[in-house]
Amino acid sequence: MAGMATGDAQAAAGFVRRFQARVYGLALSIVGVPATAEDVAQEAFVRAWRFAGGYDPRRGAVVPWLLAIARNAAIDVVRMRRDQPYQPEVLVALLGAAEAAGHAQWAADEVADADRIRVALAALSREQATAVVLAIFYGLTAKEIAEREGVPLGTAKTRIRLGMARLREHFEVRDE
Amino acid sequence: MSEPHGCPGVRELLPELATGALAGDERASALAHVEGCAACRRELAALSRAADALLLLAPPVEPPPGFEGGVLARLGTDAGPALGRRRRRSLLPRVPRLRIAVAFATAVAVAAAAGAQAVRWQSADDRELARQYRQTLQVADGRYLKAVRMTTVDGQPAGTAFFYQGNPSWLLVTVDAAPADGAYDALAIDRDGAAHPAGTCQVTSGTGTAGYRLDVAVAAVAQIQLRSRTVPAAVLTGVPR
């Protein structure tokens, strides 16, 4: 990260190589089209580079920070292409089924975090999981989720609230 | 101004805030409360960690060959190789296609005219301009209007972005020398690096105009980008000062 902040090209290359599969994988999960995902993932690295100063090591690991940037970049694209159908059910299945394939290179706490959140996600009702995924991965507001799911706004808000409360409860259980 | 929520009201909103699903007044009011409340801030941080952890579940996929080189190229030149520039056009921008209320559209047109004068006719009488400017802001209870020059990747002037801080805040871009025609997506990048979509600008013969509502404070905008949907290197940027 120090290299990112100071603009060293070699450090940038190493950084990209180390995280490209994570960033590209997330972008592909959201936008669904390889060429678009590649553009989104590259944009995410460029933003990470430009805003490396915004990364605060005290706030946590690099990966969640970088993935949040990638998610934002992907949402920008998804929002501009309103014709693209959302497939939250497919994404929920994909997230739940994620194998330990890439885990060899992951830090131990990342593996533990991923396992806990996967178990937590599996504990949500289908409606709650869909609402949470539409909000977090596709950047939809509660109102947009309500319209898409054909339910009242209050129902969409409740699904997000209960879903997130449950995720948080399962996720934090060993931390506190 | 909406009444600020107390802790119980805000606790209800924090899960939505953590996912990004909260919008408008509720979002502003929840953020304002969290700013001054340590307990709600801790709760929001815990919810945000859970929301971020969900992103870890996206399966890693190796990108196509050349990916790393593509990133380095974008970093090195800011947006890849420059394109051949089209001839410069001096026609006035076409009538803006605004997706907002008529009163708001009127305010945009008045302010854009004042802003364009400020840029193009710098010899105009300053006092008259200042009067127009004040009047412009009074029309819609605005705070200020800011003009930012947009340039191509090779630093050539390509247009102007006008920011208006008010209620609502908005952005108007006029492009007069874009490197490629077609649709451009406008993005307002804030100081945290998050990009806020700010509409689409259709460019024909190098020129185009678009106005949109901004969902981020003008002071928080670190950069404005116009990105061609079809030509990757056709990117216009402007940095507000």
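Order of the sequence lines fixes the chain letters, A, B, ..., with proteins taken first and strands second; residue numbering starts at 1 for each chain.
For a residue to count as touching a neighbouring chain, one of its non-hydrogen atoms must lie under 4.5 Å from one of that chain's; by this rule A/T141 touches chain B with backbone and side chain alike. Neither the backbone nor the side chain of B/L14 comes within contact range of chain A, judged by heavy atoms closer than 4.5 Å. Heavy atoms closer than 4.5 Å to chain A are found nowhere in B/A198, neither backbone nor side chain. Using a 4.5 Å cut-off between heavy atoms, A/I160 touches chain B through backbone and side chain atoms alike. Heavy-atom distances place the side chain of B/L22, and not its backbone, under 4.5 Å from chain A. In this structure, the portions of A/R161 lying under 4.5 Å from any heavy atom of chain B include both its backbone and its side chain.
The candidate from A/G25, A/A70, A/A44 with the greatest count of non-hydrogen atom pairs under 4.5 Å with chain B is A/G25. Options B/G70, B/A18, B/A23 differ in how many heavy-atom pairs under 4.5 Å they form with chain A, and the most are formed by B/G70. Taking A/A41, A/G139, A/A68 one by one and counting their heavy-atom pairs under 4.5 Å with chain B, the maximum is reached by A/A41. The choice from B/S48, B/P15, B/A45, B/P63 that makes the most heavy-atom pairs within less than 4.5 Å of chain A is B/P63. Taking chain B as the reference chain and counting heavy-atom pairs below 4.5 Å, the highest number among A/Q42, A/K143, A/M164 is found for A/Q42.
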Would you check, one step at a time, whether the test side-chain contact (heavy atoms from CB on, under 4.5 Å) holds for A/L67 with B/D52?
CA-CA 8 Å; A/L67 291 182; B/D52 285 350; over 6 Å; no
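A distance of 8.5 Å separates OG1 of A/T158 from CD of B/E12, quoted to the nearest 0.5 Å. How far NE2 of B/H196 is from CD1 of A/I75: 11.5 Å, rounded to the nearest 0.5 Å. We find the CD-CG distance between B/E62 and A/L28 to be 12.5 Å, quoted to the nearest 0.5 Å. Between the CD atom in B/Q225 and the CG atom in A/D76 there is a gap of 9.5 Å [rounded to 0.5 Å]. Interatomic distance, CG of B/L55 versus CH2 of A/W65, reported as 14.0 Å (0.5 Å rounding). Put simply, CG on A/L167 and OG1 on B/T19 are 10.5 Å apart, with the number rounded to the nearest 0.5 Å.
When all heavy atoms of A/A114 and B/L56 are compared, the closest pair comes out as N-CD1, 4.1 Å. Closest approach of B/F67 and A/V16 over heavy atoms only: CE2-CG1, 3.9 Å. Residues A/V46 and B/V71 share a closest heavy-atom pair of CG2-O, 4.4 Å. Of all heavy-atom pairs spanning A/F137 and B/L54, the tightest one is CZ-O, 3.5 Å.
The number of heavy-atom neighbours closer than 6.0 Å to CZ of A/R148, taken from other residues, nucleotides and ligands shown, is above 12.
In this structure, the side chains of B/P59 and A/S29 come closer than 4.5 Å at one or more pairs of heavy atoms. Looking only at side-chain heavy atoms (C-beta outward), B/P60 and A/Y24 stay at 4.5 Å or farther from each other.
Using a cut-off of 4.0 Å between Lys/Arg side-chain N and Asp/Glu carboxylate O, B/R74 and A/D39 are scored as salt-bridged. The pair B/E16-A/R159 does not count as a salt bridge, with every side-chain nitrogen at least 4.0 angstrom from each carboxylate oxygen.
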